[in-house]
Structures are given as C-alpha cells and as structure tokens.
Enquirer: 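Got a structure here, written out as structure tokens. Questions coming.
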Amino acid sequence: EDQVTQSPEALRLQEGESSSLNCSYTVSGLRGLFWYRQDPGKGPEFLFTLYSAGEEKEKERLKATLTKKESFLHITAPKPEDSATYLCAVLANTGGFKTIFGAGTRLFVKA
Amino acid sequence: NAGVTQTPKFQVLKTGQSMTLQCAQDMNHEYMSWYRQDPGMGLRLIHYSVGAGITDQGEVPNGYNVSRSTTEDFPLRLLSAAPSQTSVYFCASSYIDRGIGTQYFGPGTRLLVL
C-alpha cells in the first residue's frame, strides 16, 4: 500500500537555526513528490515538485531534495514568517490521479 | 484571476441534512479534486475529476457525490450528513501535466455536523 510519513510532527526552532523536515514514502513507482506550505485557516500553497532521485529545488530559505525513499525540506536560517505546517504528497505510477498526503510537520520559529 | 473559490466558508448541519459545497476555478484546469482534512491525518482525497463529465473515487468517497458538467465547477454533495463528516473540506485544481502537476487549493469550507 502506498504510504507517506512525515517527521517530526512538530519542530520548534530559534530564528536563524537551520534544520530539515523529513518525508519518507513507500510507493510502487514514484511519478512525482510535492511539498506544500499551509498557514492556519488557509488552503495549502504549492512549494516544489520533484520527479526523480537526485533532483533538488530551491526557493528563498527552502531547499527540497529527493532520494529513492525520502525527501527532505531544508530550512536555512529560518525566520518567524516561515512558521507554518509543511505537507508532503506523492503521486504513484499506479495511483492514476490520486495524490497521497502525509500528516504534515508543524514548524514554529521563534524570534 | 480569482484562482480556486469555495463557498460557503463555514456551515453547520444537523445529522441527516443534505448540502452542496461549491467549488469553482478560473484557470481552465482539467483536473479538480476534493479533500477533507482532519487533525493529525493530513489531506485525504474524496473524489476527483479529469475533465467535464469524468469523475472517479478517491480514498474516502462514501457519503459524498460529485459531478462535473463544466470545466470550471466541481460541486461536492453530502447526501445525508453524519457527525463523522465534520471536517475542513478543500477543493483543488491542476493542469494534467506529468501526472497532475501543481495543485492550487481553495480557502476551505469548515463543516460541523451536529
């Protein structure tokens, strides 16, 4: 069964303290892996799509990487405005058009 | 460009009542989907559509109906509401590009079933 697991569930950082969020997946052939940011009371907002192992994408303080079993979202020198829930999702080759989401990591960045 | 819009923002229903959650997009996306989000469980796919007249079930379709008569609109119908359907509902849309590409989400509908 296709599965997505995110860790940790919650992460508290000081401003400027770099860290990484993990997304491990078990799918029968990966078609795409997606990262989203979700602020309280709002819908998820797209960040990155990764298609193959070794691929990396960057946007401001965020960098997403992909291996054959997991993806990392690296946050460099975070600011309080980076506080949000970060969601990982996968689309499998056998999944048609069904995206599977992880439960998310809640990030808190303190000034 | 309004993106993905959802109405209502918040709704309270009694058990057994029916209602329709509205979703519209103005980006000419082929793919549209409905998710529910419950605490600690992430987003779960209810139904999706890859074009007008074409719909399919997701992970948790029971108790929900959908139809897609136009590219723009994708309403979600609750036939007989149950307390287990209390949740936040998100609609999303996307081009069908190497799968479904980037999904754009609406602001959500918060549903409380008493």
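Keep in mind the model is a prediction, meaning the values are calculated, not measured. What you see below is based on every heavy atom in this structure, not just the backbone, and it leaves out hydrogens, waters and symmetry mates. Per chain, numbering begins at 1; letters A, B, ... match sequence-line order.
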Enquirer: Looking at every heavy atom in both A:Thr99 and B:Gln103, which two are closest together, and how far apart are they?
Expert: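 A:Thr99 and B:Gln103 have their closest heavy atoms at OG1-NE2, 3.3 Å.
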
Enquirer: Side-chain heavy atoms under 4.5 angstrom apart, residues restricted to Ile, Leu, Val, Met, Phe, Trp, Tyr: same cluster for A:Leu47 and A:Leu33?
Expert: yes

Enquirer: Is there a path of hydrophobic side-chain contacts, each under 4.5 Å between heavy atoms, that joins B:Leu45 and B:Ile96?
Expert: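 Yes, same cluster.
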
Enquirer: Side chain, backbone, both or neither: which part of A:Tyr36 has an atom under 4.5 Å from a heavy atom of chain B?
Expert: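 A:Tyr36 touches chain B through side-chain heavy atoms alone.
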
Enquirer: Within the supplied structure, the quantity of interest is the number of heavy atoms (other residues, nucleotides, ligands) at a distance under 6.0 Å from A:Arg61 CZ; does it exceed 12?
Expert: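 Counting neighbours around CZ of A:Arg61, more than 12 heavy atoms of other residues, nucleotides or ligands fall under 6.0 Å, so yes.
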
Enquirer: If two hydrophobic side chains count as joined below 4.5 Å and joins carry through other members, does A:Val90 share a cluster with A:Leu66?
Expert: yes

Enquirer: Mind checking whether B:Phe105 and A:Glu45 have side chains closer than 4.5 Å, heavy atoms only?
Expert: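 No - every pair of side-chain heavy atoms lies 4.5 Å or more apart.
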
Enquirer: How many angstroms lie between OG1 in B:Thr102 and CZ in A:Phe34, if you round to the nearest 0.5 Å?
Expert: 7.5 Å

Enquirer: May I ask you to check whether over 12 heavy atoms, not counting those of A:Gln14, lie within 6.0 Å of atom CD?
Expert: yes

Enquirer: Which atoms of B:Leu43 are under 4.5 Å from chain A, going by heavy atoms: the side chain, the backbone, both sets, or neither?
Expert: both

Enquirer: Indicate if B:Tyr48 and B:Val4 have the same hydrophobic cluster label, given that clusters are the connected sets of ILVMFWY residues with side-chain heavy-atom separations under 4.5 angstrom.
Expert: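 No, separate clusters.
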
Enquirer: Is A:Val109 linked to A:Leu11 within one hydrophobic cluster, defined over Ile, Leu, Val, Met, Phe, Trp and Tyr using a side-chain heavy-atom separation of less than 4.5 Å?
Expert: yes

Enquirer: Might you confirm whether atom CD of A:Glu15 has over 12 heavy atoms from other residues, nucleotides or ligands at distances under 6.0 Å?
Expert: yes

Enquirer: Hey, is CZ on A:Arg106 packed in by over 12 heavy atoms from elsewhere, all under 6.0 Å?
Expert: no

Enquirer: With a 4.5 angstrom heavy-atom cut-off, could you sort out which part of B:Arg44 is near chain A: side chain, backbone, both or neither?
Expert: neither

Enquirer: Would you mind checking which part of B:Val50 comes under 4.5 Å of any heavy atom in chain A, side chain (CB onward), backbone (N, CA, C, O), both or neither?
Expert: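 Just its side chain gets close to chain A.
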
Enquirer: Anything in residues 30-39 of chain B with a heavy-atom distance to chain A below 4.5 Å? Please list those residues in order.
Expert: B:Tyr31, B:Tyr35, B:Gln37

Enquirer: Relative to chain B, which of A:Ala89, A:Gly41, A:Pro44, A:Gly102 shows the most heavy atom pairs under 4.5 Å?
Expert: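 The answer is A:Pro44.
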
